[in-house]
Structures are given as structure tokens and as C-alpha cells.
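First up is the structure itself, then whatever we jot down about it.
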There are 2 protein chains.
Amino acid sequence: MDEIDRMLIGLLQEDATRSYAVLGKAVGLSSGAAHERVRKLRERGVIRRTTIEVDHEALGRAVTAYVLVDGGAWMGESAAGLAAIPEVEEAHVIAGPASVLLKVRTAGTRDLQDVLRRVFEVNGVTGTRTVVVLETFFERILK
Amino acid sequence: MDEIDRMLIGLLQEDATRSYAVLGKAVGLSSGAAHERVRKLRERGVIRRTTIEVDHEALGRAVTAYVLVDGGAWMGESAAGLAAIPEVEEAHVIAGPASVLLKVRTAGTRDLQDVLRRVFEVNGVTGTRTVVVLETFFERILK
DNA sequence: ACTGAAAATACTGTTGA
DNA sequence: TCAACAGTATTTTCAGT
């Protein structure tokens, strides 16, 4: 993980369709050497996968919400319960006023209501507080 | 945006290195037809970009936190102020107990403290409440 | 670990259906 | 809008340094 690896990661985060020739030129290496470094970054799991960023609204998910989930004596088993709800994009155990924080994307408020009902049915959940996103300033890639 | 487009998007979200030949076979089209559909999805902005998912911990960002930002009479100008803080990955205007919700990634709690100080210096901010992530169950791609 | 080049594969525009 | 083809570019491997 030297400076060149970090540059390669940054370049690929911006645009993962760049050729190894272009990547190599940008960091001062040959196409083959750039390829080998990226291959190792993938192998070591520093690069998890190559994917696409989508426009969620265009795909029919107009509502984004965060859900604070209360309830404590469960941890392990409920991760699976939350993962089984397809509208839940992220689930984090947090320190502070609740146990778990979820990021949820749904088509509308009706579907959000349905997701909240299903969250409530997960073992150990005693309550939820929901924060609806009105506008997203940015969701970006950290440098 | 028919069912085939949705399948192509799903396949590319899982692995954007798949060839058009593979994509075409998976959805029952030729390589050229699959390519044309993906090109149009990009053109229309449904596919925003191709990128890599990284292991933030491996890149020296071990701490994830959510920051509820209080303060109201500002909206427009402060988006730029928040975007100027490189550790802020997301910023959303929310309905509810605060004005803005930030997702922040830092190397450690010391850096988190520094980010909070800079958030507080943004015009219009009157207070912050921070929730530190103890464990991330998942951050995934929605189907 | 990198270079340079060769071989295999994939992309991308064009044609005609 | 799609399939098939052809030229171009890229990926991927490998011998040599």
C-alpha cells in the first residue's frame, strides 16, 4: 500500500473503465505493472469489487430514510432478520441513543411504512424512529 | 426501462467487469444488443458511473460516524461548506429532529473530533449530535 | 517488482434484417 | 431494435531485467 496504490485506487474510484495503459501512464508505470498492482489490490480485498453507481430515483426508489432501531438483547440473530428486508441498504450497530441505524430506500412513503412494519417484526426490536431524507446534497467517493 | 434493463443493471452492480457477451447471454441477447442497452442506460444517467468498492479500514478509515447537524436558516450556502470537508461522505437534508445528516469516515476518534469542529464552523450550524458506528452489519447493493 | 511484446479476448461501429 | 461481422483496442500472460 504505497502512494502508487493509493493513486490507482483513486483513479479507479473516479472511473473504473479506465484501461491499464491509461492507469499506468497516470502513475508512471507500464500497463502490465499497473495491471499487476490492481490485481493484487483485488486479491487482498482492498478493492472489494467493480460496480456501477445507479440513479435510485430513475429505478423507482424515490424515498430515502434512516431508521433508528431500539432494542438491545439480540445483536447477532437480528442482523439476518434485517438483511432479509430488501429495502434495507445499510445496517450499523451504533453507540448512543439507539441500537442499530438503518438506511432504507423505497418507492414511496407507503412502502416505507411497510418496511418499518417488517423491521418491527424482527426479533428483539422494541421501537423505531424514522428520519426521512428531503434532499441529498451529495453521496460521494472519499479522496 | 424494461425487465431486461433491470437485469442488466443488477448484473453490473454485482460485477461491472462482466463482458457484454456474458451480459447478453444472461439476458438472452447478443453482445451488441446488450452493449447498446447499457450504453443508453449510461447516456440517460440511470447508470451514473462505473467505480470500485473499497475496504475503508484497509485504506486507513477505521471510524464511521453519523452526525446530526442542527441549524436552519442556511440550506443553500452550507452545502458547499460541508462538501469542503473531505471526510464527509454523504450529506442529506432531513425531516425531523435536526436539519442535516452527515456520514463521516475518519482514521480515528481524534480526526472525528477535528471534523466535528470544522462542521461547527460551517455557516448556520448551531449544534451537532454524533453517533459512532461500532459495527457495520452490511452496506450492500439493493436488488 | 517492472518492462515490453505477443496472444487471447473484448469492445465498438457498420451492415442488413 | 436486433444479430452478425470486422477492425480496433484492451486485457492478460510471459520471458527477460
Side-chain angles (χ1 to χ4, degrees), chain A residues 1-62 86 105 107 139-143, chain B residues 1-62 86 105 107 139-143:
Chain A
M1 273 304 303
D2 60 5
E3 191 50 41
I4 292 178
D5 283 339
R6 286 180 202 284
M7 287 170 70
L8 290 170
I9 288 169
L11 290 163
L12 288 172
Q13 281 181 310
E14 281 173 11
D15 180 2
T17 69
R18 286 200 245 249
S19 74
Y20 292 114
V22 168
L23 291 175
K25 185 163 289 183
V27 302
L29 289 178
S30 70
S31 146
H35 179 258
E36 180 64 5
R37 276 176 177 262
V38 172
R39 192 192 62 72
K40 282 180 185 160
L41 287 168
R42 286 186 205 280
E43 188 182 65
R44 287 161 44 203
V46 178
I47 296 175
R48 289 226 172 92
R49 67 164 134 193
T50 302
T51 186
I52 53 171
E53 265 184 30
V54 302
D55 180 341
H56 293 284
E57 297 205 16
L59 290 170
R61 306 251 175 170
R105 291 194 201 262
E139 287 175 314
R140 68 182 175 186
I141 287 164
L142 294 186
K143 295 295 163 217
Chain B
M1 274 303 305
D2 60 5
E3 191 49 40
I4 290 178
D5 283 340
R6 286 181 201 284
M7 286 171 71
L8 289 170
I9 287 169
L11 290 163
L12 287 172
Q13 282 180 310
E14 282 173 11
D15 180 1
T17 68
R18 286 200 244 248
S19 74
Y20 292 114
V22 168
L23 292 175
K25 185 162 290 183
V27 302
L29 290 178
S30 72
S31 147
H35 179 258
E36 180 65 5
R37 277 176 177 263
V38 173
R39 192 192 62 73
K40 282 180 183 159
L41 287 168
R42 285 185 204 280
E43 188 182 65
R44 288 162 44 204
V46 178
I47 295 175
R48 289 227 172 91
R49 69 162 134 192
T50 303
T51 186
I52 53 171
E53 264 184 31
V54 301
D55 179 341
H56 293 283
E57 297 206 16
L59 290 170
R61 307 248 176 177
R105 289 194 202 263
E139 288 175 312
R140 67 181 175 187
I141 287 163
L142 294 185
K143 294 295 163 218

### Atom-pair distance (CD1 on B:I4; C1' on D:dA3), nearest Å
14 Å
Quick one, [X] and [Y] - any side-chain contact, counting heavy atoms below 4.5 Å?
X: A:L41; Y: A:M1; value: yes
X: B:L59; Y: A:L142; value: no
X: B:R140; Y: B:Q13; value: no

### Summary
Sorted by chain and residue number, the side chain to side chain donor-acceptor pair (under 3.5 Å) partners of B:D15 (sequence neighbours excluded) come out as B:T17
### Task
Could you pull out all residues at least two apart from A:R42 that satisfy side chain to side chain donor-acceptor pair (under 3.5 Å)?
A:T50
### Message
Can you pull out every salt bridge (charged side-chain N to carboxylate O under 4.0 Å, His left out) where at least one residue sits in residues 3-12 of chain A? Sequence neighbours excluded, please.
### Response
A:D5-A:R37
### Task
At the 4.0 Å heavy-atom cut-off to chain B, mark where contacts on DNA chain C begin and end, going 5' to 3'.
C:dA10 to C:dT12
### Message
My understanding is that only residues two or more places apart in sequence, or in another chain, count here; which of them pass ring-ring contact (aromatic ring centres under 6.0 Å, His included) with B:H35?
### Response
B:Y20
### Task
Would you give a per-nucleotide map of nucleotides 4-17 of chain D, 5' to 3', where B means the base has a protein non-hydrogen atom under 4.0 Å away, S means only the sugar-phosphate does, and - means neither?
------SSBB----
### Query
Does B:K40 come within less than 4.0 Å of B:E43, counting only side-chain N to carboxylate O?
no
### Task
Mind checking A:A33 for me? I need base, sugar-phosphate or nothing, with any heavy atom below 4.0 Å counting as a touch.
base
